[in-house]
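Quick notes on the structure that follows.
In this chain, numbering begins with 1 at the start of the sequence shown. Remember, it's 1-based here, ligands and their atoms both numbered in the order they're listed.
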Amino acid sequence: MSSLHVVIGGGPAGVFAAIRCKTCNPSAQVVLLEKTNQLLAKVRISGGGRCNVTHACFDPRQLIQNYPRGAKELLGPFHHFQPKDTVSWFEDRGVFLKTEDDGRMFPVTDSSETIVQCLLKEAAHAGIEIRKQQRIQSLQKLEDHFLIQLDNQQIKANSILLATGSSSWGHGLAKEFGHTIIKPVPSLFTFNIPSSPLLDLSGISVSEVIVSLKGFDLKQKGPVLLTHWGFSGPAILKLSAWAARALYDLSYKAVLQINWLAALNQEIIYQNLVQSKINHPLQAMPSLLPSNLLSRLCADLHMDSTIALGRLPNKTLEQLAAKLYCDEYLIEGQTTYKQEFVTAGGVDLRGIDFRTMESKIVPGLFFAGEILNIDGVTGGFNFQNAWTTGWLAGTGMGNLKSCIHL
Ligand SMILES: Cc1cc2nc3c(=O)[nH]c(=O)nc-3n(C[C@H](O)[C@H](O)[C@H](O)COP(=O)(O)OP(=O)(O)OC[C@H]3O[C@@H](n4cnc5c(N)ncnc54)[C@H](O)[C@@H]3O)c2cc1C
């Protein structure tokens, strides 16, 4: 007896799950319902059009450390499907990935279209029935099946996968089915610092700084980018993810601390400056940072960065060390600008069986991707969540024991 499974949402989680479901159960009918007229829209624009598919981190214990929400729950799933499996899955279909120095993995073509076409080809080859521009009027669970009311048709399904990303519609439906929704708030954003004296230095980046929020035990190391509205770059995006909820609660008003040299402590910076002064008293400040930035930080201390070191009193070097170690800026808002922004919050993970991604409340109802209260930092971790939870949900649906006659 053949079964029918419906995937709602044609993003990476939904498409991947549909393919997996059909692979596990080739005789099943798999229907994918997408609200818009385009599948995989976010994949297309992802990674600046290059699609950061996953991250070269192959140890599940290390991998979960990149998920501010969902780390504990993803440990088991990553033992079933992790970045190594993502790489193999695409390679088996002729799509090869390359690893950048920071671990991010992209298709060798540097084009997200390669990933989109691979997934669409695979879905077509598997025989998935894709229906775009679908409006679901209602979705009910009857005794042993689901009834989906579309504009001019009803579908009876054995199982349903909700893979609608951060849409409030998906959250609302999950809530109707008895799931708790953790309030969605933005994650992976840049900081607005209107009072920053560095706004006109927009475009300058520093390859390794440590950023933290005053009063919080949250630190991130990595590159920072000066923008015309404040700060951006991987270190800032990561900090925003870990502090997503705290910053939301503070209405995005907090003090950003920057350790410009990613130094262990202030004393080390001070000693190095003193040593430079002793060794090269006639030379100007060593090029610790891009010169425009360094001179601006010095100017803030009423100090000339081009002056010979020998003419600077140690007290001044001490002040500079303090500034380089812990420079402070007032965050007054957030901006998601051409970045890999995601939503923190969504379906509460306590209601999900992470062996199959099936609801613990409504048998036959599955969840995958960003609809869940899972989000990763920047670097390919959010797509990996979509691949892993999509793969598990597709497996769970395909292997469903009970099968009604539809
Ligand atoms: C600009 C940008 C760049 C990004 N770059 C990266 C990157 O390089 N690497 C990375 O790991 N992550 C990246 N992300 C994050 C990543 O795109 C998401 O985490 C991922 O797309 C989530 O997948 P999903 O399938 O769960 O949801 P989505 O991709 O949001 O897909 C959900 C789908 O459901 C559909 N839908 C919603 N409501 C309904 C409904 N009522 N009926 C039917 N269909 C519905 C939507 O139209 C959509 O097609 C980026 C995000 C953005 C915004």
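Under a cut-off of 6.0 angstrom, the local environment of OH in Y252 is crowded, with over 12 non-hydrogen atoms contributed by other residues, nucleotides or ligands. Shown here is K214, whose NZ atom has no more than 12 heavy atoms of other residues, nucleotides or ligands within 6.0 Å. Other residues, nucleotides and ligands contribute more than 12 heavy atoms inside 6.0 Å of the NZ atom of K98. Shown here is R131, whose CZ atom has more than 12 heavy atoms of other residues, nucleotides or ligands within 6.0 Å.
Residue contacts with ligand 1: W169 is placed with no nitrogen or oxygen under 3.5 Å of a nitrogen or oxygen of the ligand (distance criterion only). Close N/O approach between I136 and ligand 1 is not found [any backbone or side-chain N/O within under 3.5 Å]. On a distance-only criterion, A386 and ligand 1 share no N/O pair closer than 3.5 Å.
Counting heavy atoms closer than 4.0 Å to ligand 1, residue T164 contributes atoms from both its backbone and its side chain.
The shortest separation from a heavy atom of G380 to ligand 1 is under 4.0 Å, placing the residue in contact.
Ligand 1 places these atoms under 4.0 Å from at least one heavy atom of I45: 1 (C). Of all atoms in ligand 1, listed by their number and element, those nearer than 4.0 Å to a heavy atom of G369 are 26 (O). For ligand 1, the atoms closer than 4.0 angstrom to any heavy atom of T36 are 47 (O). Residue A163 has at least one heavy-atom neighbour below 4.0 Å for each of these atoms of ligand 1: 32 (C), 33 (C), 34 (O). Proximity to E370 (heavy-atom distance under 4.0 Å) selects the following atoms of ligand 1: 18 (C), 19 (O), 20 (C), 22 (C), 26 (O). Applying the 4.0 Å criterion to heavy atoms of N52 picks out, from ligand 1, the atoms 7 (C), 8 (O), 9 (N), 10 (C), 11 (O). Within ligand 1, the atoms closer than 4.0 Å to a non-hydrogen atom of I8 are 42 (N), 43 (C), numbered from 1 in the order shown. Near A13, with a cut-off below 4.0 Å to any heavy atom, the atoms of ligand 1 are 25 (O), 26 (O).
Which of F367, F106, F383, F381 comes nearest to atom 17 (O) of ligand 1 through a heavy atom is settled by distance: it is F383. Around atom 24 (P) of ligand 1, the closest heavy atom drawn from G346, S46, S166, P12 belongs to P12. Remark: among candidates E34, K35, K42, R131, the nearest residue to atom 35 (C) of ligand 1 is E34, based on non-hydrogen atoms. Around atom 33 (C) of ligand 1, the closest heavy atom drawn from S112, S167, G11 belongs to G11.
E358 places no side-chain N or O within donor-acceptor distance of the main-chain N or O of D353, the cut-off being under 3.5 Å.
Under 4.0 Å is where a charged nitrogen must lie from a carboxylate oxygen, and between E113 and R44 at least one such pair does.
For the pair F96/T109, no side-chain contact is recorded, criterion being any heavy-atom separation below 4.5 Å from C-beta on. In this structure, the side chains of V53 and F106 stay at 4.5 Å or more apart for every pair of heavy atoms. Between F367 and H179 there is a side-chain heavy-atom pair separated by less than 4.5 Å.
What you find for Y67 and Q384 is that their closest heavy atoms are OH-CB, 3.7 Å.
A distance of 12.5 Å separates OG1 of T378 from CD1 of I236, quoted to the nearest 0.5 Å.
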